[in-house]
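Worksheet for the structure shown next.
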Amino acid sequence: MTRRIALTVLALVTVLLVLAVVPLGVLLTQREETSFRSAAEAAARTLASAAEENLSDHKPDTDLRELLDETQDEGGCAAVYDAAGKVIARTSCAAATSRTARGLVAAALADARTVAHRSGDTLTVATPVGDSADAVGTAVLVRSADPLDDRTAVVWAWLALIGVVGLVLGTLVSVRLARWVGRPLQAVDAAARHLGEGALDVRAPADSGPEEVRRLAATFNTMAARTEALVHGHRAVTADVSHQLRTPLTALRLRLDLLAADAEGEDAVELAGAQEEIARLSRLVDGLLAAARAENAVPRPVPVRVDEVVAERITAWEPVAAERQVELASHSPGRPVVYLGAGDLEQLLDNLLANALEAVPGGGRIRVEAASAAASFGPGTELRVVDDGPGMSPEARATAFRRFGNPEARGTGLGLAIVHRLATANGGTARLEETAGGGLTVVLELPAVPRGQGPEPGRPPQRTG
């Protein structure tokens with residue numbers, strides 16, 4: 001943004017300088033040319049006046065000779081022609097008697113007016129001598145245009161210097177303006193990114209930049225403070241509810257255990273059912289607390305090797321699967337790497353494997369597959385947990401990611417809700433599919449490591465456990 005603002009202002013300054021300097025330079029150049037030509041014509045008329053005294057009044061040519069000598073001393077050439085076009089006086093240089101000069105003499109006599117012609121680096125002026133209607137001769141003056149070119153070059157040099165100085169000043173102002181506006185916005189952007197990564201105490205500086213940017217930073221700080229207060233308050237309520245619920249449930253379970261120890265017959269059956277309900281209620285409280293922790297968590301992503309985490313969790317769940325006579329397998333070609341919060345991939349796999357082991361009957365199979373793939377949000381890794389259990393109906397799959405939304409769930413119904421929350425909080429997606437041949441497939445699309453955020457070459461990605 002800073003670069004765009006600077007380039008925009010610089011382009012505007014450049015256009016304004018070009019529109020101002022170029023026409024001014026052309027105007028000044030034309031003015032210098034007009035002034036130079038006017039001075040040459042005035043000198044030619046002075047020469048013609050001195051020649052008229054000699055041609056018309058037949059006075060001595062003393063004044064005419066003096067003017068011719070002065071003209072030659074000044075670096076010019078001059079000649080005086082009579083009415084027949086014969087040279088009666090001239091300087092030692094021959095430029096005033098050239099073919100071009102004689103052509104101008106004829107034109108001046110024919111039109112009875114002063115004529116001028118620029119050829120290369122010389123200006124030739126011819127003016128009639130005497131009355132314009134009845135000229136008795138013609139005075140020709142030839143001057144070098146080098147002084148005019150020098151003055152024109154000086155004019156353009158000054159204008160170029162002014163343009164360069166203006167461009168430099170415009171560059172400095174544009175860069176200063178861009179930084180004045182861009183740096184506070186970059187600070188707000190960085191603060192927003194850190195807030196999104198879970199740093200709830202981050203604040204943006206609100207004491208620099210334009211008033212609108214300072215107001216934006218102040219609004220962001222207010223929002224961040226309220227978010228921090230809400231999250232911390234929610235966590236405090238969660239902790240209080242956890243303490244208040246666990247204590248009476250534990251006490252009630254102990255009382256039921258004492259009663260069940262001495263109960264017989266139908267009383268023992270009823271007490272066993274009550275113990276199962278208490279155990280279910282305890283699991284429900286644990287699930288609610290886990291879901292609350294998942295919703296409150298704002299992950300700080302790190303690169304995670306999927307194949308290593310999958311192998312580790314398969315090993316951890318292998319004893320449970322062996323006890324239930326369920327086969328666990330995995331396949332992760334290419335060593336995919338995802339960008340998730342620390343520990344989130346482990347929790348995702350634990351919830352998915354726990355749900356699958358709860359549903360798959362003895363002799364079944366659970367397979368975990370991971371491979372790099374193009375996701376809906378860009379490059380990513382597709383993680384699949386495939387089982388051949390009873391599966392879910394389309395209606396149950398449509399509500400499975402909601403809290404208590406799955407009426408077919410055997411447990412609390414919170415496992416898939418936690419999976420969905422963790423996947424989406426990390427920028428991924430989660431969906432359910434029917435396994436070919438029967439069963440359920442949970443498909444997670446998890447983001448890949450952004451360019452520039454991955455591990456250094458030759459170093460393994462950061463582990464989360």
Is the number of heavy atoms from other residues, nucleotides or ligands within 6.0 Å of CZ (Arg253) greater than 12? no
Charged N to carboxylate O under 4.0 angstrom, Arg183 versus Asp189? no
Go through it in stages, so that I can follow the logic: the residues are Thr429 and Glu445, the test is side chain to side chain donor-acceptor pair (under 3.5 Å), and I'd like the CA-CA distance, side-chain angles, deciding distance and then a yes or no. CA-CA 5 Å; Thr429 63; Glu445 291 181 341; 3.0 Å; yes
Intermediate values then yes/no, side chain to side chain contact (heavy atoms under 4.5 Å, CB included), Val368 and Leu353: CA-CA 9 Å; Val368 181; Leu353 291 174; 4.1 Å; yes
So for atom CZ, which belongs to Arg431, do other residues, nucleotides or ligands contribute more than 12 heavy atoms lying within a distance under 6.0 Å? yes
Is the shortest side-chain heavy-atom distance between Leu340 and Pro447 below 4.5 Å? yes
Dump the intermediate steps for side chain to side chain contact (heavy atoms under 4.5 Å, CB included) on Val386 and Ile366, then the final yes or no. CA-CA 6 Å; Val386 185; Ile366 301 172; over 6 Å; no
Which pair of heavy atoms, one from Arg214 and one from Ala206, lies closest together, and at what distance? CD-O, 3.7 Å
Would you say that Thr100 contacts Val142 through its side chain, given a criterion of any heavy-atom pair below 4.5 Å between the two side chains? no
Side chains of Asn351 and Leu416, heavy atoms from C-beta outward: is any pair under 4.5 Å? no
Ignoring hydrogens, what is the shortest heavy-atom contact between Gly25 and Leu159? Give both atom names and the distance. CA-CD1, 3.1 Å
Using a strict cut-off of less than 4.0 Å between a Lys/Arg side-chain nitrogen and an Asp/Glu carboxylate oxygen, indicate whether Arg365 and Asp387 qualify as a salt bridge. no
Is it the case that the side chains of Ser144 and Thr122 hold a donor-acceptor pair, with the cut-off being a distance below 3.5 Å and no angle test? no
I'd like to know if Glu228 pairs up with Arg226 as an ion pair, taking the criterion as any Lys NZ or Arg NE/NH1/NH2 lying under 4.0 Å from an Asp or Glu carboxylate oxygen. no
I'd like to check Thr29 versus Glu33 (side-chain heavy atoms, cut-off strictly below 4.5 Å). Are they in contact? yes
Rounded to the nearest 0.5 angstrom, the CZ-OG1 distance for Arg37 and Thr114 is 11.5 Å
Assess whether atom CD of Glu270 is packed by more than 12 heavy atoms of other residues, nucleotides or ligands within 6.0 Å. no
How long is the straight-line distance from CG of Leu123 back to CD of Glu41, given to the nearest 0.5 Å? 8.0 Å
Roughly how far apart are Ile314 CD1 and Leu328 CG, rounded to 0.5 Å? 4.5 Å
Find out whether Val181 and Pro210 are in side-chain contact, i.e. whether some heavy atom of one side chain is under 4.5 Å from a heavy atom of the other. yes
Identify the two heavy atoms, one from Cys77 and one from Ala95, that lie closest to each other, and give their separation to 0.1 Å. SG-CB, 3.9 Å
State, with a plain yes or no, whether a side-chain heavy atom of Leu216 is found less than 4.5 Å away from one of Leu185. yes
What heavy-atom pair brings Ala101 and Val140 nearest, and what distance separates the two atoms? CB-CG1, 4.0 Å
Could Arg384 and Glu382 be called an ion pair, given the rule that one side-chain N must be under 4.0 Å from one carboxylate O? yes
Taking every non-hydrogen atom, the tightest pair across Gly120 and Arg118: O-NE, 2.8 Å
Are the side chain of Thr222 and the backbone N or O of Ala218 linked by a donor-acceptor pair below 3.5 Å? yes
Rounded to the nearest 0.5 Å, what's the gap from CG on Asp201 to CG on Leu195? Could you check? 9.5 Å
What do you reckon, is CD of Glu212 surrounded by more than 12 foreign heavy atoms closer than 6.0 Å? yes
Can you tell if the side chain of Leu349 reaches within under 4.5 Å of the side chain of Val309, non-hydrogen atoms only? yes
Should the heavy atoms of other residues, nucleotides or ligands under 6.0 Å from CZ of Arg215 be counted, would the total exceed 12? yes
If the threshold is 4.0 Å, N to carboxylate O, is there a salt bridge linking Glu369 and Arg367? yes
Interatomic distance, OH@Tyr339 vs CG@Leu345, rounded to 0.5 Å, equals 15.0 Å
Going by side chain to side chain donor-acceptor pair (under 3.5 Å), name the pairs with one or both residues in residues 323-333, residues two or more places apart or in two chains. none
Before you tell me yes or no, could you show the steps for Leu148 and Glu32 under side chain to side chain contact (heavy atoms under 4.5 Å, CB included), namely the whole-Å CA-CA distance, both residues' side-chain angles and the distance that decides it to 0.1 Å? CA-CA 7 Å; Leu148 172 63; Glu32 289 291 336; 3.8 Å; yes
How close do Gly364 and Asp388 get, heavy atom to heavy atom, and via which atoms? CA-OD1, 3.5 Å
Apply side chain to side chain contact (heavy atoms under 4.5 Å, CB included) to residues Val202 and Arg193 and explain how you reach the verdict. CA-CA 10 Å; Val202 68; Arg193 185 171 61 253; over 6 Å; no
What distance separates Leu161 CG from Trp156 CH2, expressed to the nearest 0.5 Å? 14.5 Å
Hey, does Thr14 have a side-chain heavy atom less than 4.5 Å from the side chain of Leu167? yes
